[in-house]
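None of these values were measured; they are calculated from a predicted model.
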Amino acid sequence: MSPATVVRIHATLRTALNAAVRARLIPVNPANGAELPRPRRPHPVIWTAGRTARWQQAGERPAVAVWTEQQLAAFLASVVQDRLYAAWWLAALRGLRRGELAGLRWTDVDLNAAELTVAQQRVHADGQVVVGPPKSAASCRVVALDAETVRVLSRHRERQEQLRATAGARWRDSEYVFTTADGAPLRPDYLTGRFRRLVAASGLPPVRLHDLRHGAATLALAAHTDLKVVQAMLGHASIVLTADTYVSVLPEVAHQAARETARLVLKAASALRPPLGG
C-alpha cells in the first residue's frame, strides 16, 4: 500500500478506537503514537518540449503533468463538437472537480450574473453514485465566469434543448447541466473514460481529467491572478496548499520573479551613480 493509503487507514482506525475509549470498552487508544510513513504528494509539472519528447520516444511520463496553454488550446479545438465540451472547458479554465461537474445543476448556474455555485457533487460510494455535499466546507463556493465561459455554457444549454426535443417522451428531466443524450445524470467515471478517449485521439501528451484542475490553477497564476483568488476558485481550505502545490509549477513565473528582483536592485544601483560630468 502507498504511504497515503496507510495514513488514511490509520486515521479511520484511530477514530474508531477513540470511540471505543469514550465508551470505556478499552482504556487507551493503541493507534496513538504509531509511526507512520510520510506520504509525498506529487506536484504537477508542465509538459515541456523535453518531457513530450521523452514520452513520445520511451513512453515516460510524470506522475502529474499539465498542458501548456498552447496544448490546452489544441485539445479544446479538437473537441469543440463534443457533447460535453462545456465540461472540459469548465474543468480546464475554472478548475471544477469531476464530482462537481457531474453534480452541477442549471439552478446552480446564473449566466446573467456570470457565476456558478458549487453546491453538491456526485461521487461513487459502495458501487453506487450518490449525491452529497462538496468535498469540504471551502469547496462550497461561487465561481466567477468570464464572457467566453458564459457563451460556452449558453451554447451547451441550446444543444441540450435540441437533444430534449429529439428525445421527446424519452427525455429524463434531471435538471443537470451535463447529462446523457436522453437527459439522465452522468456517472463520474463516465466523464473520466470519455476524457481519456478524447485525449488519446488528440495525440497530445496524456493528462488525467483531474489534471485539468491543476492546469486551471497553473494558467491562472501565469495570468498573474492573486494566489488568494486561485485558492477561492479551487475551493482549497488553506492557501498553504495552493501555494505549495502550484507556485513552483511554471518556470516562467520563477524567471519573471528573478527578473523583477534584479530590476529593483539595478534601479536602486543606478540611483547611486554620480551624474555625468560631476
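Rounding to the nearest 0.5 Å gives a distance of 7.5 Å between CZ of R97 and CD of Q121. To the nearest 0.5 Å, atoms CZ (R172) and OG1 (T180) are separated by 6.5 Å. Note: I46 CD1 to T68 OG1 = 7.0 Å, rounded to the nearest 0.5 Å. The CG atom of L186 lies 11.5 Å from the CG atom of L104; values are rounded to the nearest 0.5 Å. The distance from atom CD of E60 to atom OG1 of T52, rounded to the nearest 0.5 Å, is 11.5 Å. Of the inter-residue distances, the one linking L153 atom CG with E148 atom CD reads 10.0 Å to the nearest 0.5 angstrom.
Of all the heavy atoms in L209 and A91, the pair that sits closest is CD1-CB, 4.5 Å. L90 and L101 get closest at one heavy-atom pair: CB-CD2, 3.9 Å. Residue A220 comes nearest to V230 through the heavy atom pair CB-CG2, 3.9 Å, listed as atom of the first residue, atom of the second, then distance. In terms of heavy atoms, L191 sits closest to W88 at O-CH2, 3.5 Å. Closest non-hydrogen pair, S238 versus Q231, comes out as C-NE2, 3.6 Å. Taking each heavy atom of V118 and S139 in turn, the nearest pair found is CG1-O, 3.5 Å.
No donor-acceptor pair under 3.5 Å is formed between the side chain of T117 and the backbone N or O of A119. The closest donor-acceptor contact from the side chain of R94 to the backbone of A216 lies at 3.5 Å or more, if one exists at all. With D211 contributing its side chain and H214 its backbone, the two residues share no donor-acceptor pair below 3.5 Å. Without hydrogens or angle criteria, Q57 side chain to R54 main chain gives no donor-acceptor distance under 3.5 Å. Using a distance-only test at 3.5 Å, with no hydrogens or angles considered, no donor-acceptor pair links the side chain of N18 to the main chain of T15. The backbone N or O of A92 lies less than 3.5 Å from no partner atom in the side chain of R213, so there is not a single donor-acceptor pair. Under a 3.5 Å cut-off, the side chain of W47 and the backbone N or O of P206 do form a donor-acceptor pair. No donor-acceptor pair closer than 3.5 Å links the side chain of Q120 to the backbone N or O of P133. S154 places a side-chain N or O within 3.5 Å of a backbone atom of V150 that can act as its donor or acceptor partner.
Proximity of N29 to R14: side-chain heavy atoms (C-beta onward) are separated by under 4.5 Å at one or more points. L116 has its side chain out of reach of D108: every pair of non-hydrogen atoms, C-beta onward, lies at least 4.5 Å apart. In this structure the side chain of H124 never reaches within 4.5 angstrom of the side chain of V130, judged on heavy atoms. Looking at V21 and P27, their side chains never come closer than 4.5 Å, going by heavy atoms from C-beta outward. Looking at heavy atoms from C-beta onward, R51 lies in side-chain contact with V45 at the 4.5 angstrom threshold. Proximity of D146 to T149: side-chain heavy atoms (C-beta onward) are separated by under 4.5 Å at one or more points. Between V66 and Q71 the shortest side-chain heavy-atom distance does not fall below 4.5 Å. At least one side-chain heavy atom of I9 sits less than 4.5 Å from a side-chain heavy atom of L13.
In R159, the CZ atom is crowded: over 12 heavy atoms of neighbouring residues, nucleotides or ligands sit closer than 6.0 Å. Atom CD of Q128 is surrounded by 12 or fewer heavy atoms from other residues, nucleotides or ligands within 6.0 Å.
Cluster membership check: L198 shares its hydrophobic cluster with L93, using side-chain heavy-atom separations under 4.5 Å among Ile, Leu, Val, Met, Phe, Trp and Tyr. If you chain together hydrophobic residues whose side chains sit under 4.5 Å apart, I239 and L234 fall into the same group. Both V80 and V152 are members of a single hydrophobic cluster when ILVMFWY side chains are connected at heavy-atom separations under 4.5 Å. Hydrophobic clustering, with ILVMFWY side chains joined whenever heavy atoms are under 4.5 angstrom apart, groups L212 together with Y190. Each of V109 and L163 belongs to its own hydrophobic cluster when Ile, Leu, Val, Met, Phe, Trp and Tyr are linked at side-chain heavy-atom distances under 4.5 angstrom.
Between D173 and R164 there is a salt bridge, with a side-chain nitrogen of the basic residue lying less than 4.0 Å from a carboxylate oxygen of the acidic one. A salt bridge links E100 to R141: one of the charged nitrogens lies within less than 4.0 Å of a carboxylate oxygen. Under 4.0 Å is where a charged nitrogen must lie from a carboxylate oxygen, and between E158 and R155 no such pair does. D189 has a carboxylate O that lies under 4.0 Å from a charged side-chain N of R187, or vice versa, which qualifies the two as a salt bridge.
Judged by a 6.0 Å distance limit and a 45° cone about the ring axis, R122 is positioned over the six-membered ring of Y176.
The hydrophobic cluster of V142 has no other members, since no ILVMFWY side-chain heavy atom comes under 4.5 Å of it.
Note: W67 and F195 have tilted aromatic rings, judged against thresholds of 30 and 60 degrees for the angle between ring planes. Taking the six-membered ring where the residue is Trp, W89 and Y85 present tilted rings, their angle falling between 30° and 60°.
Residues satisfying the side chain to side chain contact (heavy atoms under 4.5 Å, CB included) test with Q160, not counting sequence neighbours, are W106, H156, W171, T179.
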